[in-house]
Each structure stands twice: as structure tokens, then as C-alpha cells.
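A quick write-up on the structure given underneath.
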Number of protein chains: 2
Amino acid sequence: MRNRIREYRARYGLTQAELARLVGVRRETIVFLEKGRYSPSLRLACRIAKVFGTTVDELFLLQEGC
Amino acid sequence: MRNRIREYRARYGLTQAELARLVGVRRETIVFLEKGRYSPSLRLACRIAKVFGTTVDELFLLQEGC
DNA sequence: TTCGGATGTTATGTTTGTATAACATTGTGT
DNA sequence: ACACAATGTTATACAAACATAACATCCGAA
């Protein structure tokens, strides 16, 4: 499942470690999400979208499919 | 995490079993989601929103928090 | 060029979402 | 009251998300 985490993270000037800390997960988890190794729980997806002031649907391109 | 699955399901006149079949999970999973026993994966959340022609953010009231 | 921060990887363990089956309860039409 | 569909529950097992630690690579500044 594709997403725009890296793009938004760059826009906000955050490192993976900083984002991880902000949403309460490990940095490796952010790496795996950005690399598409697995898709997040809805809870985590929501926390990340909140940090970036956007919606889950927008951040994870849900109109492209699930 | 609150959601409007039951409300949308009623609006579409679907049983829990029918919705479960449409999104490829067991009926018990739908029961647990409606009852709030756990929150879904983003993948499942997206499939359910798709069936109801709405967004994940709207269906799971994500503006209320994660 | 070298050093350090940022990013990527791999292995192993824990937690949580989901499957499965069996049974209980509620509700509704007849 | 009865039958049956819909909904709810519980126990056990499995898969996927996430934690943790250790190490590897990449890249920009001094």
C-alpha cells in the first residue's frame, strides 16, 4: 500500500527518528512504512496523519485502492 | 476507537455476515469492530469505507482523535 | 577525507488483529 | 409460543504489526 509519509516528513523537515517519537513508535517502524514493508494499523495511520495536519485518506492515497 | 460501521450498515440494509463477506473477513470481526473491541488494520478500514462509498476518516471519526 | 547524523537492514520476541468453531442471546414474523 | 434469522460471546490458533538491539550504508559538513 503506497503512502506519502516520506514526502510529508520532508515537507515538515522531520527525521524518521523525530516522527517516530512524535507518534510513539520506533524509528524502524517508520522506515518499514515508508518502504512499504507493511501497512500500519488504523491507529498509527491516524496519529501520523494528525502530525502532518492531513487525513488518513490523503496520506495513504486510499482512493487508489486498499 | 469509535466508528459508524453499524450506522452505515443499517443505511445499506446489510447484515454483519453480508458485510463480512463483502470485505473478506469473518462475521465475528465485524462484531468486534462495531463493539469497539479492537480497531482494524488500515487495509480492512479502507475496504469497509469503500463498500459504503465513504472515507476512512469519515467512517472512523478520525477528527475525534486516534 | 573523515566524522557523525540520518537512513536502511536483519534477527528475534511481543502484541494485536483476524480466523475458526461452537454455543448463547436477541429479535421478529407467524 | 415457536421457529429462525441476526447478533453476541468465548476459547484457541495463526498472521501481521510493532518492539528491541545490533549492525550496515549513505551523505553532508568540517
Side-chain angles (χ1 to χ4, degrees):
Chain A
M1 174 181 281
R2 233 178 106 232
N3 67 73
R4 304 171 64 186
I5 295 178
R6 177 177 293 262
E7 174 188 343
Y8 271 93
R9 190 168 58 77
R11 184 179 307 175
Y12 278 73
L14 293 176
T15 74
Q16 292 174 340
E18 288 168 338
L19 175 57
R21 192 173 163 284
L22 284 174
V23 299
V25 296
R26 293 221 121 214
R27 184 181 59 85
E28 292 88 338
T29 298
I30 301 297
V31 175
F32 289 155
L33 292 181
E34 289 189 353
K35 294 262 156 187
R37 304 250 317 220
Y38 50 62
S39 62
S41 64
L42 179 56
R43 269 213 209 82
L44 178 52
C46 182
R47 287 193 220 118
I48 301 175
K50 198 173 196 177
V51 165
F52 293 144
T54 184
T55 66
V56 167
D57 294 86
E58 166 74 8
L59 185 57
F60 291 89
L61 303 158
L62 298 188
Q63 79 290 350
E64 287 186 359
C66 319
Chain B
M1 176 182 280
R2 234 177 105 232
N3 68 72
R4 302 172 63 187
I5 296 178
R6 175 177 294 261
E7 175 188 342
Y8 272 93
R9 189 168 58 76
R11 185 179 307 177
Y12 278 72
L14 293 176
T15 73
Q16 292 174 339
E18 287 168 338
L19 175 58
R21 192 172 165 283
L22 283 174
V23 299
V25 297
R26 293 222 121 214
R27 183 180 60 84
E28 292 88 338
T29 298
I30 302 297
V31 174
F32 289 155
L33 292 181
E34 290 189 353
K35 293 262 156 187
R37 304 252 315 221
Y38 49 64
S39 62
S41 65
L42 179 56
R43 271 212 210 81
L44 179 52
C46 182
R47 287 194 219 115
I48 300 177
K50 198 174 195 176
V51 164
F52 292 144
T54 185
T55 66
V56 167
D57 293 86
E58 165 74 8
L59 184 57
F60 290 89
L61 302 158
L62 298 188
Q63 79 289 351
E64 286 187 1
C66 319

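Below, chain A is the first sequence line, B the second, and so on; all start at residue 1. All values derive from a computational prediction rather than experimental measurement.
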request  = Enter the distance from A:Gln16:CD to A:Glu28:CD here, rounded to the nearest 0.5 Å.
outcome  = 9.5 Å

ask   = Can you check the B:Lys35 NZ to C:dG17 P distance for me, whole Å?
value = 18 Å

remark   = Rounded to whole Å, the CD1-C1' distance (B:Ile30 to C:dT18) equals 11 Å

query = Is it true that A:Arg9 and A:Glu18 have a side-chain N and a carboxylate O under 4.0 angstrom from each other?
reply = no

task = Grab the CZ-P distance between B:Arg21 and C:dA19 for me, whole Å please.
result = 15 Å

Short side-chain N/O contact to C:dT20 OP1/OP2 from B:Arg26, under 4.0 Å = yes

Position toward the 5' end of DNA chain D (nearest nucleotide), A:Ser41 or B:Leu14 = B:Leu14

Atom pair distance, as rounded to whole Å: OH in B:Tyr38 and P in C:dG17 = 8 Å

remark   = Outer limits of DNA chain D sitting under 4.0 Å from a non-hydrogen atom of chain A, read 5' to 3', are D:dA17 to D:dA22

task = Classify the nucleic acid contact of B:Val31 as base, sugar-phosphate or nothing, counting any heavy atom under 4.0 Å across all strands shown.
result = base

key: Residue closer to the 5' end of DNA chain C, B:Thr29 versus A:Arg9 (nearest nucleotide)   = A:Arg9

Straight-line distance of A:Leu62 CG to A:Thr55 OG1, nearest 0.5 Å = 8.0 Å

task = Please state whether the phosphate of C:dG17, meaning OP1 or OP2, lies under 4.0 angstrom from any side-chain nitrogen or oxygen of A:Arg43.
result = yes

key: Spacing of CG belonging to A:Leu42 relative to CZ belonging to A:Arg47, to within rounding of 0.5 Å   = 10.0 Å

request  = If the plane angle is over 60° it's perpendicular, under 30° parallel, otherwise tilted; pick one for A:Phe52 and A:Tyr12.
outcome  = tilted

inquiry  = Without decimals, in angstroms, what is the distance between B:Met1 CE and C:dT16 P?
reply    = 14 Å

task = Measure the shortest side-chain to side-chain distance between B:Ile48 and B:Leu33 over non-hydrogen atoms and say whether it is less than 4.5 angstrom.
result = yes

